[in-house]
Undergrad: 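Here it is, the structure in full.
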Amino acid sequence: MSKPAAVAQAAAPAAPAFDVARVRADFPILSRQIHGKPLVYLDSAASSQRPLPVLRAVEHYETALHANVHRGVHSLSQWATEAYEHAREIVRRFLNARSTREIVFVRGTTEAINLVANSWGRDRLSAGDEILITHLEHHANIVPWQMVCAATGARLRAAPVRPNGELDLEAFRALLHPRTRLVAVAHVSNALGTILPVQEIVRLAHARGVPVLLDGAQAIAHEAVDVQALDCDFYAFSGHKVYAPTGIGVLYGRESLLDAMPPWQGGGDMILSVGIDSSTYNELPWKFEAGTPNISGAVGLGAALEYVEALGRRAIGAHEHSLLEVATERLAALPRLRLVGTAPAKAAVISFTIDGVHPHDIGTILDSEGVAIRTGHHCAMPIMELYGLAATARASFACYNSLEDIDRLLEGLRKVRELFA
Amino acid sequence: MDLKELYREVILDHNRTPRNFGRLEDADARAEGHNPLCGDQLSVTLRLQGDRVADLRFEGRGCAISVASASLMTEAVKGRSREEIARLYGEVHALLTDRTRAPAGDLGKLMALAGVAEFPARVKCASLCWHTLNAALERAPAPASTE
């Protein structure tokens, strides 16, 4: 497997701490032209791109190792099993989980949350119980709870968000109730970029004996995620937000909780023995992995997390933060532009609107300039409603974005203003 | 890709100052349109005279394409019969989705939407108002027979 671009050696103070040109060279798609112009990809919060080490790891697996896992005695099956379980160990290390028994492979964040809602929720919740979320959640951390509430009679509560996009922690505390059975919150808001005070949230919830699920979809590529330091009970994320392929994700769960939870889906791989009347379930984590898993996806995820480790999470974070600062300052200076979400603690996501121009028009005009951003409600309609908006334009940054990308974004926005003068 | 093809002067003008904007208080029928992709919302209210749309208004929020398309639509269908509107809708639909086909009839100012066909992601923006109008017409009471 090829090594990812190295972080630049410490240079003069003015020099960037991060060799973005070398990082960019790892991502083949970034050399594409869109409408005759070099691609500027500012939609990593929706899905990030994949570096060569990930593509090569998947290719190597598919061309040299593939067979079904946990089954055959033949060599390929053993190699495939090793590759799959090795990826699990990489995830464990990346999250600093205690054991690979706590790492369940799923399709993505959405499936991870649905797993908890169904397996943990349906057994334990009853009428009058409460699940506490926040107003800025992605639909994936709202709808599964609505469904389990409808099935059990439990009630979904949402802690409010201040106008700048910060969680109202006092209101959150007040909503923690003797009947609160679970807290489920985003680590980072996808629509606004707000980094939530998850450590404080966990502390408050645990003080009342309430377990906490963190939706890490937007955090995994940008924040240090140490599940032991966070002390969370569940942590969900998707591979494709952290430079891995789509269709693979992870549910971390505290072993004592996972152990007590029933399987969610039944089938092969999740059993030890099956009779016609009853079956014995497999151990953790396979108890939750019914059917043949996404083996090559897991291999790709392992390679992606190693890529991030090699670049250095701290270095990536610092690079993205400097882009966020520059872009925020330059966008805020534009006439008629309004930033949506200005919390002090933010990941590299900028949501904005321009008076008199609908975000979709902004998106189309930027696309014609080769600049890819997201426009719409970002699958977070409740927080959009709070701002009285149907949609925003959103630029999000990843390890491969550069200051030139911000220049191109600003040039594109000048075109928007010209056309909609 | 030519942005000027999409954002023609007529489109920008109708976006800036939409015609027939608002709602009819004495409407015979109304319908709400919603584009879940972008959260755009649109309502159409209309008054019938026999088989004809005597008057109509639209309101809502949306992108330049959806607002201009709705504004142009209200101008184009006012005074027309259900059958004429159905035919016109067929022509507009073809204009929005099929770059190769020349429109059969004279679409007048609606031709300003011709550029949308180059932008598949935006076809729904331009057609939302027509779906909403069709829903309102389906709900409208059938004209009373004078025989």
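Chain identifiers are assigned alphabetically (A, B, ...) following the order of the sequence lines, protein sequences preceding nucleic acid strands; residue numbering begins at 1 within each chain.
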Undergrad: Taking atom CD of B:Gln49 as the centre, does the number of heavy atoms from other residues, nucleotides or ligands within less than 6.0 Å exceed 12?
TA: no

Undergrad: According to the side-chain hydrogen bond (donor to acceptor under 3.5 Å, both in side chains) rule, which pairs have a member within residues 371-386 of chain A, sequence neighbours left out?
TA: A:His378-A:Thr392

Undergrad: Distance-only criterion, 3.5 Å: show the donor-acceptor pairs between side-chain atoms of residues 72-80 of chain B and protein atoms not counting sequence neighbours.
TA:
unit_1  : atom_1 : unit_2   : atom_2 : d
B:Thr74 : OG1    : B:Asn20  : ND2    : 2.9
B:Thr74 : OG1    : B:Ser71  : O      : 2.7
B:Glu75 : OE1    : B:Lys109 : NZ     : 3.1
B:Lys78 : NZ     : B:Asn20  : OD1    : 2.9
B:Lys78 : NZ     : B:Asp55  : OD1    : 3.3
B:Arg80 : NE     : B:Ala76  : O      : 2.9

Undergrad: Would you mind checking which part of A:Leu389 comes under 4.5 Å of any heavy atom in chain B, side chain (CB onward), backbone (N, CA, C, O), both or neither?
TA: backbone

Undergrad: Side-chain contact, heavy-atom cut-off 4.5 Å: A:Ile365 with B:Leu6?
TA: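 No. Closest side-chain heavy atoms not under 4.5 Å.
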
Undergrad: Return the minimal non-hydrogen interatomic distance between B:Arg122 and A:His360, and the atom names on each side.
TA: NH1-O, 3.2 Å

Undergrad: Does atom CD of B:Glu9 have more than 12 heavy-atom neighbours, drawn from other residues, nucleotides or ligands, at distances under 6.0 Å?
TA: yes

Undergrad: Going by residue number, which parts of residues 413-421 of chain A are within reach of chain B, meaning a heavy-atom gap below 4.5 Å?
TA: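 If one takes a 4.5 Å heavy-atom cut-off, the residues of residues 413-421 of chain A near chain B are A:Leu419, A:Phe420, A:Ala421.
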
Undergrad: Can you name the residues that form a side chain to side chain contact (heavy atoms under 4.5 Å, CB included) with B:Glu59, not counting sequence neighbours?
TA: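 Side chain to side chain contact (heavy atoms under 4.5 Å, CB included) check on B:Glu59 returns B:Phe21, B:Arg23, B:Ser43.
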
Undergrad: To the closest 0.5 Å, what do you measure between OG (A:Ser368) and OH (B:Tyr7)?
TA: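 Atom-to-atom, A:Ser368:OG and B:Tyr7:OH are 8.5 Å apart.
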
Undergrad: So, applying side-chain contact (heavy atoms from CB on, under 4.5 Å) with A:Asp361, which one of B:Cys125, B:Ser66, B:Cys63 is it?
TA: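 Going through the options one by one, the only one that passes is B:Cys63.
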
Undergrad: Any non-hydrogen side-chain atom of A:His35 less than 4.5 Å from a side-chain atom of B:Asp2?
TA: no

Undergrad: A quick test of your reading: do over 12 heavy atoms of other residues, nucleotides or ligands sit less than 6.0 Å from CZ of A:Arg330?
TA: yes

Undergrad: More than 12 heavy atoms of other residues, nucleotides or ligands under 6.0 Å from NZ of A:Lys37: yes or no?
TA: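 Above 12, so yes.
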
Undergrad: For the pair B:Arg16 (side chain) and A:Gly356 (backbone), establish whether a donor and an acceptor sit closer than 3.5 Å, ignoring hydrogens and angles.
TA: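 Looks like no, no N/O pair under 3.5 Å.
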
Undergrad: With a 6.0 Å cut-off (strictly less than), is the heavy-atom count around CZ of A:Arg336, excluding the residue itself, greater than 12?
TA: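 Counting neighbours around CZ of A:Arg336, more than 12 heavy atoms of other residues, nucleotides or ligands fall under 6.0 Å, so yes.
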
Undergrad: Distance from B:Asn15 atom CG to A:His358 atom NE2, nearest 0.5 Å?
TA: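 Between atom CG of B:Asn15 and atom NE2 of A:His358 there are 10.0 Å.
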
Undergrad: Taking all atoms of both residues into account, what is the closest heavy-atom pair of B:Arg61 and A:Gly388, and its distance?
TA: NH1-O, 3.5 Å

